[in-house]
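Below is one structure, written out as structure tokens; the observations come after it.
Heavy atoms only: backbone and side chains are in, while hydrogens, waters and symmetry mates are out. Just so you know, these numbers come straight off a predicted model, no measurement behind them.
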Amino acid sequence: MAQPIASLPRLVRLLGPRDPGLPAYRWLADGLRLLITDGRVPSGQVLPSERRLTEALGVSRTTVTRAYAQLRETGFLVSRRGSGHVATLPLGRRRLGVGGALLPGEETGEDLLDLTCAACRAPAGTAEAYAAALEQLPSFLAGTGYATAGLPQLREVIAARYTERGLPTDPDQVMVVGGALAGVSLAVRALTRPGEPVLVESPSYPNAVDAARRCGVRLVPLPVEPLGWDLDQAVATIASARPVVAQLILDFHNPTGALMEDADRARLAAALRRAGTTAIVDETLLEVRLDDAPTPLPFAAHLSRCVLVGSSSKSHWGGLRTGWLRVPKPLVARLMQARIADDLGAPIVEQLALTELLTRSPGLHPERREELRASRAAMLAGLPEAVPGARWVPPAGGLSLWVELPEPRAGALATAAREAGVLISPGPQFAASHGLERFVRLPYKDPADVVTEAMRRLGAAWRSRHDAPSGRPAAGPRPVVA
């Protein structure tokens, strides 16, 4: 069903002044295509009639007619009798959710909602940032195209952001990589040897835990409760295991959403310092701040031997595939040498585009923040009816809820949920070793109406699984989450 008609005054404001260097219809078509691509005119929204847009813009009717025709030809507009001109995206099969199958060849289907992926569509301004990047590209074409540490201008912007957060940083301490997961993998491989102990949280982001496991290290699980970390247990575990590396997510922890305060960071840092442990701290969700929560210092302000991992995937867009490491100066050469064994640098265009985006807004786009708040509210409103007796701690940031079920049936619920038209990630996927069958992670990254529908389907799944015989087999967990 199409959304309400786009606000004409807002549309005129977003289009801005006409570009005199382009034919009027091209200017209008390009402007509308950019707004649809960026999501400022959402897919499914009805555009104004040709007559109304003609009057509002002060152009000829032919100009609007030709612009709409060009948008139809390129797949950005569908004209239907009785519905008007509906904005759309040329994606082939349109999905109700903004996610999609992460495994090659795995089709989720047109009406299957994917709650395994905690990531959003690109924010407003992304296409413009890529356009600006392409304008700068010719000046790089005479070179080799390799920037092993990253483009200087991007590293300067990232370093300035750390300094702004209370952690003075030189651009030479910043290494640009192909996403946070690539950064975590690089750091673990560079700083450990097979068989050495590595502290990992449980639950935690499963792909990062697998990255450590592939290095052949010995995993030392550290439980994280829905309310956060038990510092007494953490200190005792570190003193006993003396891990070489501690792999942590302290800012809107994935999946619990917990945020560690400064006092606890200082205590945890002291325990790691005594054990001679290097911390690798994933800050991917740091900028996805939805409420006025405290803003702790970066963990490296408490522990100098700490590699911070950042990413554009949650604050901006996963398609950028660009992340970075903030490395202690004594470890820069060691990580750089390890990085060369993987690749010789991240793509130039994406680095230029990210530089544009971070310069305009280092954190979450304000429109995206409001959308996520609305979606989180829709999930909080729908969950009590969907899964009666479930419990959760509403996070002040991040992209998902960590939901404790009334019974340990997460795997069974995931199977029933797929049958009901929604994909979810059961708790065992996030366990460092085993357990967590009582939990599921539910991202609220989709529009509020989609989240509401997902909760309705989840409720149907819970009721069907709850009433089914306990011996009914459950499918294995989906192997990839984001």
Flag, side chain of [X] to backbone of [Y], donor-acceptor distance under 3.5 Å:
X      : Y      : result
Ser375 : Asp446 : yes
Thr148 : Leu344 : yes
Arg52  : Leu8   : no
Thr116 : Ser425 : no
Thr355 : Gln351 : yes
Thr163 : Ala159 : yes
Thr63  : Val59  : no
Thr169 : Leu167 : yes
Arg321 : Ser312 : no

Hey, could you give me the [atom1]/[atom2] distance between [X] and [Y], rounded to the nearest 0.5 Å?
X      : Y      : atom1 : atom2 : result
Asp282 : Leu248 : CG    : CG    : 10.0 Å
Glu404 : Leu436 : CD    : CG    : 10.0 Å
Leu335 : Ile340 : CG    : CD1   : 11.5 Å
Leu113 : Leu115 : CG    : CG    : 6.5 Å
Trp229 : Glu261 : CH2   : CD    : 10.5 Å
Phe439 : Leu401 : CZ    : CG    : 12.5 Å

[Y] side chain reached by [X] side chain, heavy atoms, under 4.5 Å:
X      : Y      : answer
Met336 : Met175 : yes
Phe252 : Arg289 : yes
Leu151 : Phe140 : yes
Trp27  : Leu15  : yes
Leu285 : Asp251 : no
Val176 : Leu354 : no
Phe430 : Arg441 : yes
Thr65  : Thr54  : no

- Task: Applying side-chain contact (heavy atoms from CB on, under 4.5 Å), run through Leu308 and Leu325 and close with a yes or a no.
- Result: CA-CA 6 Å; Leu308 297 179; Leu325 302 179; over 6 Å; no
Pairing of [X] and [Y] as salt bridge, 4.0 angstrom limit:
X      : Y      : answer
Arg61  : Glu50  : yes
Asp172 : Arg155 : yes
Lys314 : Glu283 : no
Asp291 : Arg376 : yes
Arg161 : Glu287 : yes

Could you walk me through whether Asp343 and Arg339 pass the salt bridge (charged side-chain N to carboxylate O under 4.0 Å, His left out) test, one step at a time? CA-CA 6 Å; Asp343 58 61; Arg339 194 269 170 82; 2.5 Å; yes
Identify the two heavy atoms, one from [X] and one from [Y], that lie closest to each other, and give their separation to 0.1 Å.
X      : Y      : result
Val403 : Ala390 : CG1-CB, 3.8 Å
Pro294 : Leu259 : O-CD2, 3.4 Å
Ala378 : Ala448 : CB-O, 3.7 Å
Thr256 : Pro203 : CG2-CG, 4.0 Å
Trp324 : Thr322 : CZ3-O, 4.4 Å
Leu320 : Ala353 : CD2-CB, 4.3 Å

### Query
Judged by modelled atom types alone, do Tyr162 and Gln173 share a side-chain donor-acceptor pair under 3.5 Å?
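Side chains of Tyr162 and Gln173: no pair found under 3.5 Å.
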Take Gln136 and Glu356 through the test side-chain hydrogen bond (donor to acceptor under 3.5 Å, both in side chains) and record every step on the way to the result.
-> CA-CA 11 Å; Gln136 300 172 57; Glu356 291 285 330; 3.2 Å; yes
Assess the residue pair Tyr68 and Leu32 against the criterion (side-chain contact (heavy atoms from CB on, under 4.5 Å)); give the C-alpha distance rounded to whole Å, side-chain angles, the decisive distance to 0.1 Å, and a yes or no. CA-CA 9 Å; Tyr68 275 7; Leu32 289 173; 3.8 Å; yes
With a 6.0 Å cut-off (strictly less than), is the heavy-atom count around [atom1] of [X], excluding the residue itself, greater than 12?
X      : atom1 : answer
Arg213 : CZ    : yes
Glu385 : CD    : no
Arg360 : CZ    : yes

Could you check Asp114 against Lys445 for salt bridge (charged side-chain N to carboxylate O under 4.0 Å, His left out), going step by step and ending with a plain yes or no?
-> CA-CA 10 Å; Asp114 190 348; Lys445 41 79 179 179; 5.8 Å; no
ask   = Do Ile249 and Val224 pass the side-chain contact (heavy atoms from CB on, under 4.5 Å) test, and can you show the C-alpha distance, the side-chain angles, and the key distance before you say yes or no?
value = CA-CA 10 Å; Ile249 306 173; Val224 180; over 6 Å; no
Within the 6.0 Å centroid threshold, strictly below: His253 and Trp402
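So the answer is no for these two rings.
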Inset, instruction - Mind running side-chain contact (heavy atoms from CB on, under 4.5 Å) on Leu191 and Val307 for me, showing each step along the way? - result: CA-CA 10 Å; Leu191 300 174; Val307 176; 4.2 Å; yes
Practice prompt. Applying salt bridge (charged side-chain N to carboxylate O under 4.0 Å, His left out), run through Arg189 and Asp342 and close with a yes or a no.
Written response: CA-CA 11 Å; Arg189 190 176 64 256; Asp342 282 346; 2.5 Å; yes
Could you walk me through whether Arg51 and Glu55 pass the salt bridge (charged side-chain N to carboxylate O under 4.0 Å, His left out) check? CA-CA 6 Å; Arg51 179 184 61 79; Glu55 295 172 353; 3.3 Å; yes
